[in-house]
Number of protein chains: 2
Amino acid sequence: MTLTLKDIAEMVGVAESTVSRAVNNKPGVGDETRQKIMEIVKKYNFRPNQMARGLAKKETGILALLIPDLTEPAYPEIIKGIEKVANDEGYQVILCHTENDLEKEKSYLQLLQENRVDGAIIAGGGLADQHILNTSLRGNNLIVLINSLAEELLLPSVLINYSRGVYLAAEHLLQQNVDKIGLIMGDFRDYVESEKLSGYQQALKKYEVEYDNDYVVETDGKYEDGYKAFLQFMNMDDPPRGFLATNEYLTTGLVEAIKGGGYFIPGDFKVATYGESRLISLIAPGLTVVSEPRQQLGETAAEIMIDLIRGESPSELIKVLEPFLKVENKIKEETNNG
Amino acid sequence: MTLTLKDIAEMVGVAESTVSRAVNNKPGVGDETRQKIMEIVKKYNFRPNQMARGLAKKETGILALLIPDLTEPAYPEIIKGIEKVANDEGYQVILCHTENDLEKEKSYLQLLQENRVDGAIIAGGGLADQHILNTSLRGNNLIVLINSLAEELLLPSVLINYSRGVYLAAEHLLQQNVDKIGLIMGDFRDYVESEKLSGYQQALKKYEVEYDNDYVVETDGKYEDGYKAFLQFMNMDDPPRGFLATNEYLTTGLVEAIKGGGYFIPGDFKVATYGESRLISLIAPGLTVVSEPRQQLGETAAEIMIDLIRGESPSELIKVLEPFLKVENKIKEETNNG
DNA sequence: ACATTTTGTTAAAACTTTTTCTAAAAAAAA
DNA sequence: TTTTTTTTAGAAAAAGTTTTAACAAAATGT
């Protein structure tokens, strides 16, 4: 049998409201009364029923976290960050694995409507944006986005400075006198990928290297695409001496193709990749990696969420975190000017 | 403004209890009354407040899922299975990332006490067992274990037949006339690992190959350990021509060492590994893999949990699922007898 | 036609906590 | 000492749903 406030009130011989105040560390309870109550609370390890509390306070203490794909290496770290902040502030996190399925996403967002959660953090977006408009999720419903934008809806977002990340990686290659860099990317229409391309172009411009479309391939972002891209590049008259791939799948394929061709990294080819992962560090420990502060990404999103819940509007609607470069496992200081 | 049962009752002109019955598809409501109610419910997209419902029914509709480490490749799939069943049955899953931290685990288990969750599924166990005894989590508290055992506590468990998995892999190697198999393992004291060793021994016995301790190495289960193990084996007078590693980290290290030595798989060495993963399939697509029904593992655990919640005791306390062999990406029929 | 069962519905109680209002007691100020 | 203020505590209402008991109306059986 779990005790209730009422039980404790009876035991101590006070009113329930007094026990409630004592348990919640609120003023209005005398010292000896408080002590007597807390003694019993401790003895029986009493914890207030969260359902009742939720009903009374119109809060649940639960956040929904919508994730499209748990196997993406970035998510466990992001989740960790969110959980950390949320738990520290007394919130629990419900995991909602959407698998890029609109229906699932839709049904998860209903949790908000049912007052089951105090807010929803949506990672990886894409589907969400247009969708949220159609649902009744407006006004007082609390949503924070990770890695996607919905400015028209005035939803807060936490992002990485993708273009800066690719800029740093390209710059690093250029500084090693690799002037022809093969860029292997995912879908251009994706906001994140388009930002990355822009970073590449900025770096070339800065180092006065002419941009040449032939050195950029757009792919589906899979392992095979990275592999094929290398072979394609090697058929060029003037093949690149360095490569930059924008996700771990592409990079893995690329590296395997390079190794398969009997070449060595970084002796024969310099390779940089966007995004850290165990896969990458195992396959090619010497790679230059653009590292994102993923845990911080999650922490920031959770902080904004909790601020929103508490009625404080965030200082900035869109928060951009800076990536940094890890050159062969050593962290490189971010240079300001070349 | 979100509507309540009361609002709808007023609109239709019936009592709240009638609306409640209609919404929950319960008997005792006339056909036209039911229809009138459901019309309004649909029109305003009414959803009952889960806090109030939880309070009244003494249920939350939420399950806690304790996971030690999200980056382990098995967990996303297990989680998927749990979520699937849970959601189908109207439950949400709270993700509790314990990071093998006793304190975190402890605090998460308090969720049960606070009536925040209807039950907890604990994956990977280890810490939990002794611990649960000390907490007040006995009697009516609902716990299901995944990949660990706590028979003394009579907690239901869902397991994989680890020994059978390793048996199948070893058998496959033996059938290819690899009679010396280098077995690279994690910590023997771990129940799971000890089971795997037993499977290896069973296979040798079956094929009348003498067990030799020199061909078995116990390690910390990391990448480097797999790498070093290969070098160690190659220093033997009669090195193995085949290897069996019991997790993906060991396997990755092993494979890299083999490749690094200029050897080929499966030409020079046959390699089998326990547990599928993207890493493995990318690095060495030709490996023989012991594949676990991970999603089913999650589904089964969730099913047992929900049965328990509904007051049905599970048919068997310990449920063991069978792994199967994937020989170079082709699923091999499980043979009954050699 | 009467007793009995079934059906449809309501009113009230329950679930536990928080909050607001109010009364009493204690402390401080006049 | 009296008045005012502050502190402490209780009683009651509110949160939104489900559940129970109660009751009337309708249907069935005799």
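Heavy-atom basis, side chains included; hydrogens, waters and symmetry copies ignored. Just so it is clear, the structure is predicted and the values come from calculations on it, not from any experiment.
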More than 12 heavy atoms of other residues, nucleotides or ligands under 6.0 Å from NZ of B:K319: yes or no? no
Note the angle between the end axes of the helix from C:dA1-D:dT30 to C:dA30-D:dT1, five pairs defining each, rounded to 10 degrees. 40°
So does B:R53 get a side-chain nitrogen or oxygen closer than 4.0 Å to the phosphate oxygens (OP1/OP2) of D:dT18? yes
From CG of A:D31 over to P of D:dT8, roughly how many Å is that when rounded to an integer? 7 Å
In whole Å, I'd like the distance from the NZ atom of A:K6 to the P atom of D:dA11. 13 Å
Position toward the 5' end of DNA chain C (nearest nucleotide), B:V29 or B:A56: B:V29
Just to confirm, is there a sub-4.0 Å distance from OP1 or OP2 of C:dT18 to any side-chain nitrogen or oxygen of A:N24? yes
Of the listed nucleotides D:dT18, D:dT17, C:dT16, the one nearest the side chain of A:N49: C:dT16
Side chain of A:S17, heavy atoms from C-beta onward: which of D:dT19, C:dT16, D:dA11 has the nearest atom to it? D:dA11
Interatomic distance where CD belongs to B:Q35 and P belongs to C:dG8 [whole Å]: 14 Å
Scan A:I306, A:V117, A:I62, A:I82 and name whichever one has a side chain to side chain contact (heavy atoms under 4.5 Å, CB included) with A:Y91. A:I306
Between C1' on D:dT17 and CG on B:L55, what's the gap in Å once rounded to a whole number? 8 Å
A:R47 CZ to C:dT17 C1': how many Å, rounded? 15 Å
Give one of base, sugar-phosphate or nothing for A:G30, where a contact means two heavy atoms less than 4.0 Å apart. sugar-phosphate
Establish, with yes or no, whether the OP1 or OP2 oxygen of D:dA15 is under 4.0 angstrom from a side-chain nitrogen or oxygen of B:T4. no
A:R310 bridged to A:E89 by N-O distance under 4.0 Å: yes
Sequence-distant partners of A:K80, side chain to side chain contact (heavy atoms under 4.5 Å, CB included), two or more places apart: A:Q295, B:H97, B:E99
At under 4.0 Å, does any side-chain N or O of B:K26 touch on OP1 or OP2 of D:dT19? yes
No-hydrogen, no-angle side-chain donor-acceptor test under 3.5 Å, B:T98 and B:D101: no
Of all the choices, D:dA9, C:dT16, D:dT19, which nucleotide is nearest to the side chain of B:S20 once you look at every atom? D:dT19
C:dT18 P sits how many Å from A:L5 CG, rounded? 6 Å
For D:dG16, take OP1 and OP2 only and decide whether either is under 4.0 Å from a side-chain N or O of A:K58. yes
Rounded to whole Å, please give me the gap between CD in A:E59 and P in C:dT19. 9 Å
Looking only at the side chain of A:A52 (C-beta and beyond, no hydrogens), which of the listed nucleotides D:dA9, D:dG16, C:dT17 gets closest? C:dT17
With A:E77 as partner, the option from A:E276, A:R294, A:E292 fulfilling side chain to side chain contact (heavy atoms under 4.5 Å, CB included) is A:R294
When you check the side-chain N and O atoms of A:D7 and A:Y44, is any donor under 3.5 Å from an acceptor? no
Nearest whole Å is fine: how far is C:dA26 P from A:E32 CD? 10 Å
A:R21 (side chain) and D:dG10 (base): donor-acceptor pair under 3.5 Å: yes
Looking at D:dG16, C:dT17, D:dT19, which one has an atom nearest to any side-chain atom of A:E16? C:dT17
So for atom OH, which belongs to B:Y191, do other residues, nucleotides or ligands contribute more than 12 heavy atoms lying within a distance under 6.0 Å? yes
For a quick check of understanding: with a heavy-atom distance under 4.0 Å over all strands, which category does B:Q50 fall into, base, sugar-phosphate or nothing? nothing
